[in-house]
Amino acid sequence: MSITKEEVAEVVRGYMAAYDNHDIQTIVAMGAREVGFGYRMIGWRDWAALGKRARFAENEQFFGQMDYYHLNLEDLQTSVAGDIGLAWGVFIEDFQVKGRPPERARVRFSNALSKGARGWQSLLFHRDIQPFDEEGCYPTDLTVNSSTT
């Protein structure tokens with residue numbers, strides 16, 4: 001089953017739009033086999049192990065704790081390796097958790113996706129919001145070892 005970079009981009013745009021529209025049905029269907037790292041928690045997540053019912057509950061809880069949540073895709077790059085679609089780029093989250101001030105996160109992401117009998121699914125994801133300096137590099141105060149002498 002041949003896939004194209006353009007097809008991968010269209011699928012990722014749809015997946016991101018599902019989050020923006022709080023379309024839990026699409027989110028759960030596309031993430032049925034997904035594992036990876038998000039920026040909200042340090043530990044990796046195995047969404048596949050949760051099962052469909054628990055994934056619905058997780059997403060309902062996530063969107064239910066928000067006064068509002070919007071996701072806007074800022075940059076998207078794609079590639080294809082055999083039958084695997086690769087996507088990476090940046091999206092912006094604008095949201096407000098109930099009882100807290102509004103937040104905005106500029107999130108770098110990557111996804112590996114496959115197309116099978118159940119349609120497109122995300123296999124692996126990674127998201128981070130590490131700070132960068134003016135030159136686009138990680139600030140050294142995050143990586144320099146302090147002296148213990």
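As a member of the Ile/Leu/Val/Met/Phe/Trp/Tyr network built from side-chain separations under 4.5 Å, Tyr68 groups with nothing else and remains a singleton.
Judged purely by atom type and a 3.5 angstrom limit, Arg33 has no side-chain atom pairing as donor or acceptor with the backbone of Ser122. Listed for the Asn21 side chain is no donor-acceptor partner under 3.5 Å among the backbone atoms of Asp23. Using modelled atom types, no side-chain atom of Lys5 and backbone atom of Gln77 make a donor-acceptor pair closer than 3.5 Å. At least one donor-acceptor pair under 3.5 Å links the side chain of Gln96 to the backbone N or O of Arg100. A donor-acceptor contact shorter than 3.5 Å is absent between the side chain of Gln121 and the backbone of Glu34.
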For this session: Test side-chain contact (heavy atoms from CB on, under 4.5 Å) on His126 and Phe109 and set out the steps.
Result: CA-CA 5 Å; His126 183 266; Phe109 75 93; over 6 Å; no
For this session: Could you walk me through whether Glu93 and Glu103 pass side-chain contact (heavy atoms from CB on, under 4.5 Å), step by step?
Result: CA-CA 8 Å; Glu93 286 186 337; Glu103 297 180 58; over 6 Å; no
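When all heavy atoms of Val8 and Gly85 are compared, the closest pair comes out as CG2-CA, 3.6 Å. Minimum interatomic distance between Leu76 and Ala87 (heavy atoms only, all atoms of both residues): CD1-CB, 4.1 Å. When every heavy atom of Pro139 is checked against every heavy atom of Pro131, the shortest pair comes out as CD-O, 3.2 Å. Ile84 and Ala112 get closest at one heavy-atom pair: CG2-CB, 4.2 Å. The heavy-atom pair separating Ala105 from Ile129 by the smallest distance is CB-CG2, 4.2 Å. Between Val90 and Leu73, the closest heavy-atom pair is O-CD1, 3.7 Å.
Side-chain contact between His22 and Tyr69: present, with at least one pair of heavy atoms (C-beta onward) separated by less than 4.5 Å. With a 4.5 Å cut-off on side-chain heavy atoms, Thr78 and Leu86 do not count as touching. Annotation: side chain of Met30 is in contact with side chain of Leu113 (closest heavy-atom distance under 4.5 Å). Taking the side chain as every heavy atom from C-beta outward, Leu124 and Val35 approach each other to under 4.5 Å. No side-chain heavy atom of Trp88 sits under 4.5 Å from any side-chain heavy atom of Arg108. At a threshold of 4.5 Å between non-hydrogen side-chain atoms, the residues Val97 and Met66 count as touching. Counting heavy atoms from C-beta on, the side chains of Asp67 and Phe95 never come closer than 4.5 Å.
Look at Glu74 and Arg106 and you find a salt bridge, because one of the NZ, NE, NH1 or NH2 atoms lies within 4.0 Å of a carboxylate O, short of that distance. Electrostatic pairing of Asp94 and Arg104 counts as a salt bridge here, judged by a charged N lying under 4.0 Å from a carboxylate O.
Classification of the Phe63-Tyr19 ring pair by plane angle, with boundaries at 30° and 60°, yields tilted.
Asp83 CG to Ile3 CD1: the interatomic distance, rounded to the nearest 0.5 Å, is 6.0 Å. Note: Asn59 CG to Ile27 CD1 = 5.0 Å, rounded to the nearest 0.5 Å. Taken from CZ in Phe91 to CZ in Arg13, the straight-line distance is 15.0 Å, to the nearest 0.5 Å. From Glu58, atom CD reaches atom CD of Gln61 across 6.0 Å, with rounding to the nearest 0.5 Å.
Residue Val11 is not grouped with residue Leu123 when hydrophobic side chains (ILVMFWY) are merged at heavy-atom distances under 4.5 angstrom, including chains of intermediate members.
The salt bridge (Lys or Arg N to Asp or Glu O under 4.0 Å) test applied to Asp20 returns no partner, not counting sequence neighbours.
Note: Phe37 and Phe125 fail the aromatic proximity criterion, with ring centroids not under 6.0 Å apart.
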